[in-house]
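Structure first, commentary second.
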Amino acid sequence: NQTVNLPITLAAGAHVISTAGGAGTLVMTNSVTRNHGAEVQFGVSGGTISSTLGLNNGIIGGWAVYSPSTSLINNAGGAGAVDWAVTNSSGTLTAYSGDTTVSGSGQTIANNPSSNVKIASNGSSGDTVGSGTTTINTLIWSATTQNGYINIPASSTLRLGAQGAILHNDNKYLRIGNGQSGSAVTAGGADNVAGELCVYNLSYYAADAVEFWTTLTDNGSGPVTMTAFGSVKIDNANTYSGVTYINACDFYCNGGVNTP
């Protein structure tokens, strides 16, 4: 068993904090500070990991994932049981289990700023958000039967949380937006709040990318930054004003000026 009593700072970049199979526990008793651009996998193949990290909308943040494996990214996608990381009442890290599940074909993702949406199965047509602004905290795509589509109507926005994120865990691609005029993706959780959009794709194959067929924008007067892991494609000229962090990934820009 190991105990870390010093404070920990996670700098921008991809991090793994893990216990290997047969290993004992890991306890982080001091503060864990995360800088913009940092993403972390808590991999628990051995003993448990404990920390002082708190929760926001039920999870540590869209930058932290939990896996029963010490090696997360899989070049063909489908890296096993991966979800957002949480701490329980004793501080032990585990997988989030309170997802708002969307299943089936052509479903509408409801507006709920605190929801962590998981699309667990899909059908012959894409899922969609409603007209206007639909706010959710995070989105997981884990359907494996075919490529994924999240349609955004014209002049409408999918807004993620202040530490919002998209987690993609299969061997298909996920397309956000369908090229409608004035459609957008942003982060911040509420009007004019600064936000960070973390994209966590567990494949680095171009054919399995998270692909944005819409404009990535600031959240009103709130600047938005983007953090990317795995295979990500940007197909529009975007207007968000924050920093773009590229962590251990293939990052494709196909949208011309101001991409990203």
Side-chain angles (χ1 to χ4, degrees), residues 8-16 32-41 53-57 59-65 72-73 84-85 113-114 116-117 129 133-141 150 152 157-168 174-177 183-202 204 209-260:
I8 296 171
T9 298
L10 300 172
H15 303 265
V16 177
V32 179
T33 302
R34 181 253 177 185
N35 293 340
H36 275 297
E39 293 176 305
V40 61
Q41 173 210 353
L53 286 163
L55 302 180
N56 181 27
N57 288 328
I59 64 174
I60 291 172
W63 50 271
V65 300
L72 181 60
I73 194 164
W84 306 118
S114 64
N116 296 295
V117 174
V129 299
T133 298
T134 296
T135 303
I136 61 176
N137 190 44
T138 61
L139 173 69
I140 293 179
W141 183 278
I150 306 294
I152 303 174
T157 298
L158 171 60
R159 179 168 59 196
L160 294 133
Q163 293 183 342
I166 297 168
L167 172 59
H168 182 232
L174 171 61
R175 182 175 294 167
I176 309 293
S183 66
V185 169
T186 191
D191 291 349
N192 302 313
V193 176
E196 182 175 8
L197 171 59
C198 292
V199 180
Y200 230 131
N201 186 3
L202 305 187
Y204 56 73
V210 174
E211 186 172 11
F212 290 93
W213 271 29
T214 186
T215 302
L216 303 179
T217 69
D218 283 338
N219 182 31
S221 61
V224 169
T225 62
M226 182 178 185
T227 302
F229 178 96
S231 180
V232 179
K233 290 184 179 181
I234 307 294
D235 288 325
N236 276 30
N238 298 297
T239 61
Y240 70 93
S241 61
V243 175
T244 302
Y245 298 93
I246 301 174
N247 297 336
C249 75
D250 293 331
F251 195 88
Y252 303 87
C253 298
N254 302 321
V257 178
N258 296 329
T259 307

- Tell me the salt bridge (Lys or Arg N to Asp or Glu O under 4.0 Å) pairs involving residues 211-223, sequence neighbours left out? R175-E211
- Message: Restricting to non-hydrogen atoms, name the atom on P113 and the atom on G189 that form the minimum distance, rounded to 0.1 Å.
- Response: CB-O, 4.1 Å
- What residues form a side chain to side chain donor-acceptor pair (under 3.5 Å) with S114, not counting sequence neighbours? N112
- Message: Please give me the minimum heavy-atom distance between A11 and A38, naming the atom from each residue.
- Response: O-CB, 3.1 Å
- Would a distance-only check, ignoring hydrogens and angles, find a side-chain to backbone donor-acceptor pair under 3.5 Å from N56 to G54? no
- Taken in chain and number order and not counting sequence neighbours, the residues that satisfy side-chain contact (heavy atoms from CB on, under 4.5 Å) with N219 are R159, T186, V193, V224
- Task: Check G161 against A187 and note the closest heavy-atom contact, atom names and distance.
- Result: O-CB, 3.5 Å
- Query: Does a side chain donor of either T138 or W84 reach within less than 3.5 Å of an acceptor in the other side chain?
  - Reply: yes
- Separation between CD1 (I176) and OG1 (T214), nearest 0.5 Å, reads 9.5 Å
- Are H36 and V243 side-chain neighbours, meaning at least one heavy-atom pair lies under 4.5 Å? no
- Mind checking side-chain contact (heavy atoms from CB on, under 4.5 Å) for A228 and listing every partner two or more places apart, or none if nothing turns up? V232, C249, F251
- Task: In sequence, state the C-alpha distance, the side-chain angles, and the governing distance for I60 and L55, and then conclude on side-chain contact (heavy atoms from CB on, under 4.5 Å).
- Result: CA-CA 4 Å; I60 291 172; L55 302 180; 3.9 Å; yes
- What is the distance from atom CG of N192 to atom OG of S221, rounded to the nearest 0.5 Å? 3.5 Å
- If only atom types and distance count, is the side chain of N238 paired as donor or acceptor with the main-chain N or O of L216 below 3.5 Å? yes
- Message: Just so I know, are the side chains of L202 and V65 near enough to count as touching, which here means a heavy-atom distance under 4.5 Å?
- Response: no
- Message: Are T225 and T244 packed together at the side-chain level, in the sense that at least one heavy-atom pair is separated by less than 4.5 angstrom?
- Response: no
- Query: Can you tell me how far the CG atom of L167 sits from the CH2 atom of W141, to the nearest 0.5 Å?
  - Reply: 13.0 Å
- Query: Is N116 reaching over with its side chain to a backbone N or O of N57, donor-acceptor style, under 3.5 angstrom?
  - Reply: yes
- Item | T217 to A184 - nearest heavy-atom pair and separation | CG2-CB, 3.8 Å
- Could you pull out the closest heavy-atom pair between G62 and C198, with the gap in Å? O-CB, 3.6 Å
- Item | side-chain contact (heavy atoms from CB on, under 4.5 Å) assessment of V129 paired with I136 | CA-CA 10 Å; V129 299; I136 61 176; over 6 Å; no
- Query: Under the side-chain contact (heavy atoms from CB on, under 4.5 Å) test, which residues partner D250, sequence neighbours left out?
  - Reply: Y204, Y252
- Say you draw a straight line from NE2 of H15 to CD of Q41; how long is it, rounded to the nearest 0.5 Å? 12.5 Å
- Query: What distance separates W63 CH2 from N35 CG, expressed to the nearest 0.5 Å?
  - Reply: 10.5 Å
- Quick one: CD1 on I150 to CZ on F212, what's the gap to the nearest 0.5 Å? 11.0 Å
- Task: Could I get the full list of salt bridge (charged side-chain N to carboxylate O under 4.0 Å, His left out) partners for E196, not counting sequence neighbours?
- Result: R34
